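Remember, it's 1-based here, ligands and their atoms both numbered in the order they're listed. As the structure is a prediction and not an experimental result, all values here were calculated from the model. All values below were derived from every heavy atom in this structure, side-chain atoms included, with hydrogens, water molecules and symmetry-related copies excluded.
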Amino acid sequence: MTDFTWTRKQFHLPMGMIYLDGNSLGPMPKAAPARIDAMLRAEWGEQLITGWNASGWMAQPRSLGDRIARLIGAEKGHVVMGDTLSIKVYQALAAALQLRPDRRVILSDTGNFPSDLYMAQGLVKLLGDRAELRVVKPQDVADNITEDVAVTLLTEVDYRTGRMHDMAALTALAQNKGALTIWDLAHSAGAIPVDLAGAQADFAVGCTYKYLNGGPGAPAFIYVAPRHADVVDPALAGWLGHAKPFDFSRDYTPGAGVERMRVGTPPVVQMTLLETALDIWDRVDMADVRRQSIALCEDFIERVEAECPQLKLFSPRDATRRGSQVSFRAENGYAIMQALIADGVIGDFRAPDVMRFGFCPLYITHDDVEEAVSVLTRILRGALWDKPEFLQRKAVT
Ligand SMILES: *Cc1c(COP(=O)(O)O)cnc(C)c1O
């Protein structure tokens, strides 16, 4: 059993704040500042270049990848860290297209995060007639996996609605038609149990600054199924994905397995921050997270529907079809969210009118849910959101 009282104590949670935005940026582990201070002074400061060997910096992308593998049901040794999620999407797409040279369609859906679609658009532009991006409604994905599809590019949990795709079913369907699958786990890793090996997913990518609490700018991860790992030919052939980077040979030879998905120098300070978060995750069972996350989301939905009739549920009502976030639509949703934030209840807003609330059992309790809804109710009943400072849009929503 996961001890959520213990996990909550491991995070710095600002006084007076109820943080329902861990789906965008998780809170800081209390151990992080001291760990970074020690790393900077003892490792960078004293060891300088020798730190790559002495402190194992070069091995971090693989060792942290293994700790994340457990959380996403990946085989050990098949996840590697580095770069940002957008880059990892590009790498996975290029690799998948190479594995299906006789097919040209990338199938995605309108619920996907813009950066995933932009990366696909950029690759298609580069490849000319070789590739085509087809974007359909989320509910139409299954019917559109036709024999010309090379790869599906799907985000398992929709960033706006929280709607969850059926990874196992869609992967089986795609493979039946000879297509490959890329699963974006941005809103899955640390939010819901994922079983990449069980689903026989081909590729998966994700970020670590959302539910995994790795900090702003934390590195992304990529998974390549064992059956493809030694076959794919990396489009971003960086020196650290080379079989022997320190031979400095003129020609590229891909490294073993997922190692070849490394590109350049890893962000060591960010990896070290992520390590402090993974020290907490190592003591967490994703089945417990799921059970508690559903309980918190159900509690929130029931209270909001009872107290705030102006808000309309935008997420699936069925918990089994929903990730770990709840979205409501509201006229003036932006201003309502700003008023909530001013009162210490932090969610976020996605255009045109979606208010998003993330529930992370590692540090959110039923008391927080009750308090958040009581603040929301007060703001709505008194129209306290109807002030110039709340109506003015900021750069980051
Ligand atoms: C958060 C998110 C991203 C962000 O990509 P970065 O390169 O890390 O900025 C991409 N895709 C999805 C589905 C996301 O939710």
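Backbone and side-chain nitrogen or oxygen atoms of S115 are examined, and none is located within less than 3.5 angstrom of a nitrogen or oxygen of ligand 1. An N or O contact shorter than 3.5 Å links T84 to ligand 1 by distance.
For atom 3 (C) of ligand 1, the choice among L25, L185, L85 with the nearest heavy atom turns out to be L85.
At the shortest separation from atom 8 (O) of ligand 1 among protein heavy atoms lies Y209 OH, 2.6 Å. Atom 1 (C) of ligand 1 has K210 NZ, 1.5 Å as its closest protein atom, hydrogens excluded (heavy atom only). Scanning the protein for heavy atoms near atom 7 (O) of ligand 1, the closest one is S86 OG, 2.6 Å. From the protein, the heavy atom lying nearest to atom 11 (N) of ligand 1 is D116 OD1, 2.7 Å.
In this structure, K30 fails the cation-pi test against Y363, since its NZ or CZ atom is not both closer than 6.0 Å to the six-membered ring centre and inside 45 degrees of the ring normal. The cationic atom of R67 (NZ for Lys, CZ for Arg) does not lie both less than 6.0 Å from the six-membered ring centre of W281 and within 45° of the ring axis.
Sorted by first and then second residue, the ring pair (Phe, Tyr, Trp, His ring centres under 6.0 Å) pairs with a member in residues 251-280 read H242-Y252; sequence neighbours excluded.
Ligand 1 places these atoms under 4.0 Å from at least one heavy atom of D184: 11 (N), 12 (C), 13 (C). Atoms of ligand 1 found under 4.0 Å from any heavy atom of A186, numbered from 1 in the order shown, are 12 (C), 13 (C), 14 (C), 15 (O).
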#### Entry: Trace of the salt bridge (Lys or Arg N to Asp or Glu O under 4.0 Å) decision for D37 with R41
CA-CA 6 Å; D37 187 68; R41 291 174 197 280; 3.0 Å; yes
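Side chains of T171 and W183: a donor on one and an acceptor on the other come within 3.5 Å.
A salt bridge is absent between D129 and R104: the closest approach of a Lys/Arg side-chain nitrogen to an acidic carboxylate oxygen does not fall below 4.0 angstrom. Between R350 and D348 there is a salt bridge, since a side-chain N of the basic residue sits under 4.0 Å from a carboxylate O of the acidic one.
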